[in-house]
Amino acid sequence: MKSPLLIQMLTATVFLTSCQTQQIKPDETISAQGNNNFTNCPEPRPQICTMIYDPVCATLTDGQTETKASDCSACGDNEVVGYIHGACENL
């Protein structure tokens, strides 16, 4: 019989794997701006993220940019379209 703690750990592992992102070819608008390292947020969006600080510059649906703690936390926000690694002020 599996313990409740083991079941919780396995469930968390399944959710955390959804935080991994895949590199998707940037659309023409992003390429025209010269940002070839732009990554679109995957679907389905992550629900739970680890507390790792690896800042990204997230592009919001209205075109604004905002620094987020990580790619996972950026894509967990439905207002984010995608991101570029590094804080916005460093780009």
Side-chain angles (χ1 to χ4, degrees):
M1 178 177 205
K2 294 183 180 178
S3 71
L5 180 59
L6 179 60
I7 292 170
Q8 288 176 349
M9 289 172 54
L10 290 172
T11 302
T13 301
V14 169
F15 283 117
L16 291 175
T17 57
S18 69
C19 290
Q20 297 174 353
T21 58
Q22 57 186 4
Q23 187 75 22
I24 301 173
K25 184 177 179 183
D27 63 30
E28 291 180 24
T29 304
I30 300 301
S31 294
Q33 295 173 355
N35 295 326
N36 294 327
N37 296 322
F38 186 84
T39 301
N40 291 307
C41 288
E43 294 294 338
R45 302 258 178 164
Q47 299 294 312
I48 299 174
C49 299
T50 58
M51 297 294 291
I52 295 173
Y53 183 73
D54 185 15
V56 297
C57 184
T59 301
L60 306 176
T61 55
D62 64 2
Q64 299 289 321
T65 58
E66 182 178 302
T67 298
K68 298 283 190 174
S70 68
D71 56 349
C72 183
S73 62
C75 290
D77 181 347
N78 286 330
E79 294 297 312
V80 175
V81 176
Y83 60 89
I84 298 171
H85 285 280
C88 294
E89 59 270 5
N90 292 335
L91 296 176

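- Taking every heavy atom of both residues into account, A87 and C57 meet most closely at C-CB, 4.2 Å.
- Here the closest non-hydrogen pair linking F38 and T59 is CE1-OG1, 3.6 Å.
- Looking at every heavy atom in both residues, V80 comes nearest to K68 through CG2-CE, 4.2 Å.
- Here T61 contributes atom OG1 and N78 contributes atom CG; the two are 9.5 Å apart, rounded to the nearest 0.5 Å.
- The heavy-atom pair separating V56 from D71 by the smallest distance is CG1-N, 3.8 Å.
- C75 and P46 get closest at one heavy-atom pair: O-CD, 3.7 Å.
- A distance of 8.5 Å separates OG1 in T39 from CD1 in I84, rounded to the nearest 0.5 Å.
- Contact of the N37 side chain with the H85 side chain is not registered, since no non-hydrogen atoms from C-beta on lie closer than 4.5 Å.
- T67 places a side-chain N or O within donor-acceptor distance of the main-chain N or O of C88, the cut-off being under 3.5 Å.
- Interatomic distance, Q47 CD to C72 SG, rounded to the nearest 0.5 Å: 9.5 Å.
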